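Quick caveat: nothing in here was measured; it's all calculated off a predicted structure. Side chains are part of it too, since the values below use all heavy atoms of this structure and drop only hydrogens, waters and symmetry mates. Labels below follow one simple rule: chain letters A, B, ... track the order of the sequence lines, proteins then strands, and each chain is numbered from 1.
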Amino acid sequence: MDKVFNHKEIEEKIYKTWEEKGFFKPELNPKGKPYSIILPPTNANGALHFGHAMYVLEDILARVHRMKGFSTLWLPGTDHAGIETQFVFEKKLREEGKSRLDFKRDELFEMIKKYVDENRGGIEKQLRRLGFSLDWSREKYTLDKNVVEIVYDTFKKLFDDGLVYRAKRLVNYCTFDGTSFSDLEVIYEEKESKLYYIKYPLEKGFITVATTRPETMFGDTAVAVNPKDPRYKDLEGKMISLPLTTREIPVIYDESVNVEFGTGAVKVTPAHDPNDYELGKKHSLDQITVIGFDGKMTNEAGEFEGLYIKQARAKVIEKLNELGFLEKEETIKNSVPVCYKCKNPIEPLLMDQWFIKMEPLAKPAIEAVRSGKIKINPKSFEKIYFQFLENIRDWNVSRQIVWGIQIPAWKCNECNEWTVTKGETPQKCKCGSEKLERDQDTFDTWFSSGQWPYATLKTTDCMDFYPVSVMETGYDILRWWVARMAMLGIYIREKEGIKDTEEQIPFKDVVLHGLVNDPYGKKMSKSKGNVVNPIELADQYGADSVRFALVYGAALGNDQALSYPKLEAARKFANKLWNIARFIEMKQEEAGKVGEINKKDEEWLMEAKKVSKEISSYLNKYQFNYAAEKLYEHIWHRFADVYIEDVKGRIDDKSYESLKNQFLILLKLLHPFMPFITEEIYQRLWSKEGYLMVSNWPDEV
RNA sequence: GGGCUCGUAGCUCAGUUGGUUAGAGCGUUGCAUUGACAUUGCAAAGGUCAGAAGUUCGACUCUUCUCGGGCCCACCA
């Protein structure tokens, strides 16, 4: 055997043979019980990062079950990642001096499609590099025709069930990216803002309101104060003449007004603030839109029409000051909603949107976990799951981008009614009119990925594998993805007439891994420039070592800092393993000597078998770290340090057989964790034709 | 403001239903070894388990509080 394990050459070669032999397909064990894992769809346009490397846990499970004789399906897939991808593409357009407004919808879609197609495949190659035993023949894409059909079908069913509604609602709108965001997607940034104190004249005297958004004053429809506030006694219903306008607005009383903030008087702008929106509804106030989707002031703003928000703010303040309405201004710290892409402020704007009523969907999803039909590991994450679903809000599923699945809804130009189909263009509206226009919006990406287990298995003719055995992903998308899959998954099956709740759920076990941070414990991000590519580490340390380092000493669901010492340790472990193999190969000559059965050898073989049971038991409980640690400890400090040292001087046919048998057991146990080196050793010491990957798991009784 | 999570050796982390002497890797120190080992083996030092109180025969583990880090949700006129 070579002096060292040359991972670069060998890993690639081995992966290729495995794939060519069809070992990644469930057909390998046609009679086995089905076992399935769906890889969380990777961004079709993205690159591999450490979140993907953690899917090694899925590979471990897939490999173990394959060895245990299960018909094992681990299905890969890619996500079109709507907002993210369109954002990246638009950035590219901007660099070329163009914008998406220069193109028609279809043109833009085709351009992005082409762009994505050109970039696709990169991540698949990298997942192969890590040794992931994915069934590539069944790879799915969220924009595959048959997946889109399912998404349309689900939407239509929800629509027909009255769970979909159209509403003018305040949405988080980025006027720069021209899209709305769900509440979940908005991030808040701590900023220094100016708080302006503006005098609103009453019949006698005035009320001073404090605001950070003076430019929205043209949309004010009331001033609210707390009824308990003595400063504003007996003012309810009194009219105020709104400065810079000819309008009059009332003073209203509401408990929700914070007496401590500013002057205790709030200007109410229902069309441009979420709280004011609620308040406006409660007090039946008008909604006056003063900011358009282009980020400019509307004609409601009078002389300020056409100005951008920031400009308008400055001008309004200037004018108010001139006219003596500005009392004072101060600097405060507040957190401002910003676009997670471009970091510009999010504008709450009124817009027609599609919403899904979530409460009826959330209930069975909660029940599925409560009753234990779906198990979340680690269990502590159940709390987050319940908290999300029990307080769920209706889901705004429409997005104002082209890159995605266009909503199959047509609006009648005559009666204004909507027709929703399974994707086909309707001939005419219920009213008989043929003047139908399709909604330009696309679905939230999570709406399609939320149907992923069903969509993938249905379209690959693999419903035998439904529900999915294990849904493994990072805990950070428990709500965004896992909870939505649970809700939509159950709904789809129920609509199919599946009554048995065990058959309704999309997955049985949820397994959540922690995040991999940089060596200093900071989150890896492109903007910080601290991103490490796992492939580079695989080149340097070997894929096996990267895999092992990620599993060893990292409890499930806990974040870990990328640790170079740990990678080094894993590399040394691989080296140790290689040298054990070399030792065994070297001693082959001595193995011809006839000897007697030694009780010690038998005891050691028993110990190896005991280790198998332990490893199985750990893996059944998703305690990957314990399994890895036990293997490390046993192989190195028991098998190598003690047993080999003992047997070294007394090699004969019997002891050699024991040595080899033990090693085979240990290799099999280690294979799911370090598939390449174990396979290579197996082929060198046992069989050039056989494969460790498809050998049987050692603990079967 | 609410929730979650973490704080254990110099560093990165384990510690399973509370139970002798709290573990690993790397690092440090000493000894041995050129051996199957791009070294390895043997050994050692290093911890008031963030702090305080409580429950208990017994707390790293359970409860409460405090301090510090991270994440999520809500709010922010």
Please give the distance between the [atom1] atoms of [N] and [M] as a whole number of Å.
N: B:U28; M: B:C67; atom1: P; answer: 39 Å
N: B:A22; M: B:G46; atom1: P; answer: 13 Å
N: B:U17; M: B:U61; atom1: C1'; answer: 11 Å
N: B:U34; M: B:G41; atom1: C1'; answer: 12 Å
N: B:C65; M: B:U21; atom1: P; answer: 31 Å
N: B:G70; M: B:A50; atom1: C1'; answer: 16 Å
N: B:U8; M: B:G1; atom1: P; answer: 26 Å
N: B:G25; M: B:U66; atom1: P; answer: 39 Å

Between the protein and nucleotides 40-42 of chain B, list every N/O to N/O distance that falls short of 3.5 Å.
residue	atom	partner	partner atom	Å
B:U40	O3'	A:Lys576	NZ	3.4
B:G41	OP1	A:Trp636	NE1	2.2
B:G41	OP1	A:Asp641	OD1	3.1

Sugar-phosphate, base or nothing in reach of [X], heavy atoms under 4.0 Å:
X: A:Ile644; answer: base
X: A:Asp273; answer: sugar-phosphate
X: A:Tyr632; answer: sugar-phosphate

Flag this pair as yes if the NZ/CZ of A:Lys572 is under 6.0 angstrom from the six-membered ring centre of A:Trp636 and inside a 45 degree cone about the axis; otherwise no.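 Not satisfied by the 6.0 Å and 45° rule.
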
Distance alone, cut at 3.5 Å: any donor-acceptor contact between the side chains of [X] and [Y]?
X: A:His272; Y: A:Glu347; answer: no
X: A:Ser658; Y: A:Asn661; answer: no
X: A:Thr208; Y: A:Glu327; answer: yes
X: A:Thr269; Y: A:Lys267; answer: yes
X: A:Gln287; Y: A:Tyr277; answer: no
X: A:Tyr656; Y: A:Asp601; answer: no
X: A:Asp254; Y: A:His283; answer: yes

Aromatic ring centroids of A:Phe304 and A:Phe218 under 6.0 Å?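 Centroid distance A:Phe304-A:Phe218: below 6.0 Å, so yes.
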
Could you check, using the six-membered ring where one of them is a Trp, whether A:Tyr200 and A:Phe206 have ring centers closer than 6.0 angstrom?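 That pair fails the under 6.0 Å test.
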
Under a 4.5 Å cut-off applied to non-hydrogen side-chain atoms, are A:Tyr196 and A:Leu320 in contact?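 In short, these two side chains do not touch, never coming nearer than 4.5 Å.
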
Strictly below 4.0 Å, heavy-atom distances to any atom of RNA chain B: list the hits from residues 536-544 of chain A, or just say none.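 Contacting residues: none.
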
Check each residue of residues 212-223 of chain A for a non-hydrogen atom within less than 4.0 Å of any atom in RNA chain B, then write out the ones that pass by number, or none.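 Contacting residues: A:Thr212.
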
Once you round it to whole Å, what is the distance between P of B:C4 and CD1 of A:Ile376?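 Result: 15 Å.
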
Using whole Å, what does the distance between atom P of nucleotide B:G3 and atom CZ of A:Arg479 come to?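 To the nearest whole Å, that distance equals 14 Å.
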
A:Lys648 vs A:Gln387, nearer the 5' end of RNA chain B by closest nucleotide: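 In this pair, the answer is A:Gln387.
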
Closest-nucleotide 5' rank along RNA chain B - winner of A:Met586 and A:Phe381: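 Whichever sits nearer the 5' end wins; that is A:Phe381.
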
Applying side-chain hydrogen bond (donor to acceptor under 3.5 Å, both in side chains), can you list everything that pairs with A:Lys648, at least two apart in sequence or on another chain?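 A:Lys648 satisfies side-chain hydrogen bond (donor to acceptor under 3.5 Å, both in side chains) with A:Glu645 once adjacent residues are dropped.
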
Review item, nucleotides 11-18 of chain B N/O atoms under 3.5 Å of protein N/O:
residue	atom	partner	partner atom	Å
B:C13	OP1	A:Ala561	N	2.9
B:C13	O2'	A:Gly553	O	2.1
B:A14	OP1	A:Asn558	ND2	3.1
B:A14	O2'	A:Glu629	OE1	3.4
B:G15	OP1	A:Tyr626	OH	3.2

Side chain of A:Asn579 - closest among B:A38, B:C4, B:G25: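 So the side chain of A:Asn579 is nearest to B:A38.
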
Any chance you could lay out the salt bridge (charged side-chain N to carboxylate O under 4.0 Å, His left out) test for A:Arg247 and A:Asp286, step after step, and finish with the verdict? CA-CA 12 Å; A:Arg247 284 196 298 121; A:Asp286 285 343; over 6 Å; no

Using Watson-Crick and G-U wobble pairs whose two distances are both under 3.5 Å, how do you write the pairing of RNA chain B as dot-bracket, with | for links to another strand? (((((((..((((.....[...)))).(((((.......))))).....(((((..]....))))))))))))....

Just how far is it from atom CH2 of A:Trp480 to atom CG of A:Asp444, taken to the nearest 0.5 Å?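 One gets 12.0 Å once the value is rounded to the nearest 0.5 Å.
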
What orientation do A:Phe639 and A:Tyr643 show, parallel under 30°, tilted 30 to 60°, or perpendicular over 60°?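 Rings of A:Phe639 and A:Tyr643: parallel, as their planes differ by under 30°.
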
